[in-house]
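Starting from 1, each residue takes its place in the sequence as its number. As the structure is a prediction and not an experimental result, all values here were calculated from the model.
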Amino acid sequence: MDLTLLRTFVAVHRAGSFTRAATLLGLSQPAVTSQIRTLERQLGRPLFHRRARGVTPTAVGDELAHKAAPHLDALLRITESERGAAGALRTLHVAGSPEFLCLRVLPALALLVGQGHTLRATPQTDAEASLHGLAAGHHDLVVTTAHPRGGLFTATALCDEEHVLVAAPYWAALVDMDRLREEGCAALDGIPLVEVHESLPLVTRYWTAVFDTLPDARSLTATVVVPDLRAVLECVRAGAGLAVLPRYLCQDALDSGRIVALAEPAVPPLRTWFLVVRTGSLALAHLARAHERLLDAAAHW
């Protein structure tokens, strides 16, 4: 059986689409369709059900993918190890939240640059757009809080991000902490708010988890909206109001006293970050090294 046909078949099986597989393989969509038809004729059985949006594997297709994919991945690993031995440079394309990329991901991957890697980072606030870019082959690895579904992606939990309700000392001094503990968010009415979007995504998540309620739009509206968490932190430090921020971003400001945590819930709100790659791509040595390096670094975050 032609390995080229099997490689195309596995790509379609994982991508769930002839078009998406064609992009990943660098082929035209008609070429992929032709190769799959050729393989189906050789086997005498259909491998995919054609749907309005993409394809789904038949039972025969699932069985073939289960048998063939590990061996194709192993062959890819052998090829990549030979390339590495020959000193071939590989570029790693990473995408994700600009703040998390800047403060966590890129410092962790910096050591790989001295090991023959080149690195390209794409800040992307839209998780869906990042995953679409990963599916299309524009990125090798995406760091996101969205857990993708389907066989195209493999997601590994990286770390949990704790969210903290913070404000400058001036505003913290105006908050009745006893009332905050007893009555919850009502004690914060009237304090300006800094957020990344008018819909108050971070505040809404925090209010729901800690105060078991949604923010009251009549008493809590965004005074400053800026789509970058680092800018939110600077606004809070300058006294613009309160905000909800990930602890990794604001811990230094907390330690220095420039900002104050307004609440210390017994169970703080958490959000999980995932490392996402295209299924099978960890057979690529440079990507596997980056993946392992990030997991090792995350153990100390």
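Side-chain polar atoms of T33 and Q29 form a donor-acceptor pair below 3.5 angstrom. Side chains of R20 and T23: no donor on one and acceptor on the other come within 3.5 Å.
With S281 contributing its side chain and R278 its backbone, the two residues share a donor-acceptor pair below 3.5 Å. For the pair S256 (side chain) and A253 (backbone), a donor-acceptor distance under 3.5 Å is present. Formation of a donor-acceptor pair under 3.5 Å by the D140 side chain with backbone atoms of H93 is found in this model. With hydrogens and angles disregarded, a donor-acceptor distance shorter than 3.5 Å links the side chain of E40 to the backbone of L47. In this structure, H139 contributes its side chain and L141 its backbone to no donor-acceptor pair below 3.5 Å. Counting only distance, with no hydrogens or angles, the side chain of T58 and the backbone of P46 share a donor-acceptor pair below 3.5 Å. Between the side chain of E195 and the backbone N or O of V224, no donor-acceptor pair lies under 3.5 Å. Judged by distance alone, with hydrogens and angles left aside, the side-chain atoms of T8 form a donor-acceptor pair with the main-chain N or O of T4 at under 3.5 Å. Checked by atom type and distance alone, the side chain of E99 pairs as donor or acceptor with a backbone atom of L229 at under 3.5 Å.
A243 and V236 get closest at one heavy-atom pair: CB-CG2, 3.5 Å. Taking both residues in full, the closest heavy atoms of C102 and P107 are given as O-CD, 3.3 Å, listed atom of the first, atom of the second, then distance. Nearest heavy atoms, R14 versus T279: NH1-O, 3.2 Å. Heavy atoms only, all atoms of each residue included: V10 and L72 are closest at CG2-CD1, 3.4 Å. For C250 against V166, the heavy-atom pair with the smallest separation is SG-CG1, 4.4 Å. Annotation for P246 and H163: closest pair CA-CD2, 3.9 Å, computed over non-hydrogen atoms.
The salt bridge (Lys or Arg N to Asp or Glu O under 4.0 Å) check on D252 picks up nothing, with sequence neighbours excluded. Contacts of E63 classified as salt bridge (Lys or Arg N to Asp or Glu O under 4.0 Å), with partners at least two apart in sequence or in another chain: K67. With sequence neighbours excluded, the residues satisfying side chain to side chain contact (heavy atoms under 4.5 Å, CB included) with T223 are P192.
Rounded to the nearest 0.5 angstrom, L214 CG and T208 OG1 are separated by 5.0 Å. In this structure, CZ in F18 is found 12.5 Å from CG in L27, a value given to the nearest 0.5 Å.
Aromatic ring pairs are classed by plane angle as parallel below 30°, tilted from 30° to 60° and perpendicular above 60°; the pair F100 and W301 is perpendicular. Aromatic ring orientation, W207 versus F211: perpendicular (interplanar angle above 60°, classes split at 30° and 60°). Aromatic ring pairs are classed by plane angle as parallel below 30°, tilted from 30° to 60° and perpendicular above 60°; the pair F274 and H147 is perpendicular.
Here R237 pairs with E234 in a salt bridge; the nearest charged N to carboxylate O distance falls below 4.0 Å. With salt bridges taken as basic N to acidic carboxylate O contacts below 4.0 Å, none links D296 and R293.
Side-chain contact between V277 and F153 is absent, with no heavy-atom pair separated by less than 4.5 Å. R120 has its side chain out of reach of L92: every pair of non-hydrogen atoms, C-beta onward, lies at least 4.5 Å apart. C185 has its side chain out of reach of Y206: every pair of non-hydrogen atoms, C-beta onward, lies at least 4.5 Å apart. No side-chain heavy atom of T144 sits under 4.5 Å from any side-chain heavy atom of L275. Inter-residue side-chain proximity for L254 and R247 is flagged as met; some heavy-atom pair is nearer than 4.5 Å.
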>> If you apply the rule side chain to side chain contact (heavy atoms under 4.5 Å, CB included), what do you find for H132 with D126, and how did you get there?
In response: CA-CA 10 Å; H132 180 76; D126 187 332; over 6 Å; no
>> I'd like to know whether V225 forms a side chain to side chain contact (heavy atoms under 4.5 Å, CB included) with V194, so could you lay out the CA-CA distance, the side-chain angles of the two residues, the decisive distance to 0.1 Å, and finally the verdict.
In response: CA-CA 6 Å; V225 175; V194 187; over 6 Å; no
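Placement of W171 and L188 within a single hydrophobic cluster is found when ILVMFWY residues are connected by side-chain heavy-atom separations under 4.5 Å, directly or transitively.
Applying the side chain to side chain contact (heavy atoms under 4.5 Å, CB included) test between P269 and each of L165, V164, V210, L202 identifies V210 as the sole match.
Taking a 6.0 Å sphere around CZ of R149, one finds it holds 12 or fewer heavy atoms contributed by other residues, nucleotides or ligands. When the shell of 6.0 Å around CZ of R205 is examined, it contains more than 12 heavy atoms from other residues, nucleotides or ligands.
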